[in-house]
Amino acid sequence: MTTSTQNLTEQVVASFANAENPRLRQVMQSLVRHLHAFALDVELSMAEWEMAIGFLTKTGHMCDDKRQEFILLSDTLGFSMLVDSINHRSIEGATETTVLGPFYVPPLKVSPSESDISGDAAGTPLHVEARVTAPDGQPLAGAWVDVWHSDDDGYYDVQKPGQVENLRARFISDADGRFSFWSIVPVPYPIPTDGPVGKMLEAVGRHPYRPAHVHFMIGKDGYDTLVTHLFIEDDPYLQSDAVFGVKQQLVVHLTDEAGGTTSSGEVRGAHRKITHSFGLRPIA
Ligand SMILES: [Fe+2]
């Protein structure tokens, strides 16, 4: 580092010294130090700087209320999982967290237990029976449980024009902390590759696939809201998730079952089943 670049960095850092908010001051000063150190480390060329500005501009243009390319960028850089791990140290009895992902939409209504959330989506029938508990195993009644996952082609409802709340629902846990639903077994899917993040993955020789999973967001007063997935065992992408979201505790075994009935009385034949317990952590 030359004296002039060091002076420049210190000058920029000092420019934040009078920020009223001490946390904002700390974050901005650290950001500048690391950003400058990065450019010096790789000796960033003008062309590369222009390319980076263009990349970020395209990333912003790709975002709207249904597409979040910046979250995708954060996810594929492992940044989302890093921030997740800083903020959710594991405790015994509490389910581990993972990325929110770019496809969460708050459900419009509460569905009864045993609802089939698959609409007319094709696929292997799936039954999920789950419980929400405190870390000591005590059942938590009245927790809201948002569920969402992709279809048999690997797409979420928000990625398909005209689809509303398919493979997506909210449940409320009963007096014993239980909730259950019917759907289809999700499959591995590529994250959207038609934007700048997809081009970045291609340029560096990375595949865009995520192992098959079901998203869950579970909340109750007095507890941290849990954002997590359940991953399907034996998936070929468990070791190379494009967004680094897999944790071993979240990989589940599916059992083969003979039959069952949905909340609307429809009979289901042979299907696969996930039985699982989610532990919420009390707010410290
Ligand atoms: Fe997902």
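As the structure lists them, so they are numbered: ligands from 1, and atoms in each ligand from 1.
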For Tyr237 and His207, take the angle between the two ring planes, folded into 0 to 90°, and tell me which bin it lands in: parallel under 30, tilted 30 to 60, perpendicular over 60.
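Taking His207 first and then Tyr237, their aromatic rings sit tilted (interplane angle of 30° to 60°).
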
Which label fits His276 and Phe278: parallel for a plane angle under 30°, tilted from 30 to 60°, or perpendicular past 60°?
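Answer is perpendicular, since the angle exceeds 60°.
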
Val13 and Phe16: same hydrophobic cluster, using ILVMFWY side-chain contacts below 4.5 Å?
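Cluster IDs for Val13 and Phe16 match.
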
Drop me the distance from Ser115's OG to Phe181's CZ, to the nearest 0.5 angstrom.
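It comes to 10.0 Å.
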
Looking at the Fe ion (ligand 1), is one of the N, O or S atoms of [X] less than 2.8 Å from it?
X      : result
His215 : yes
His213 : yes
Tyr189 : yes

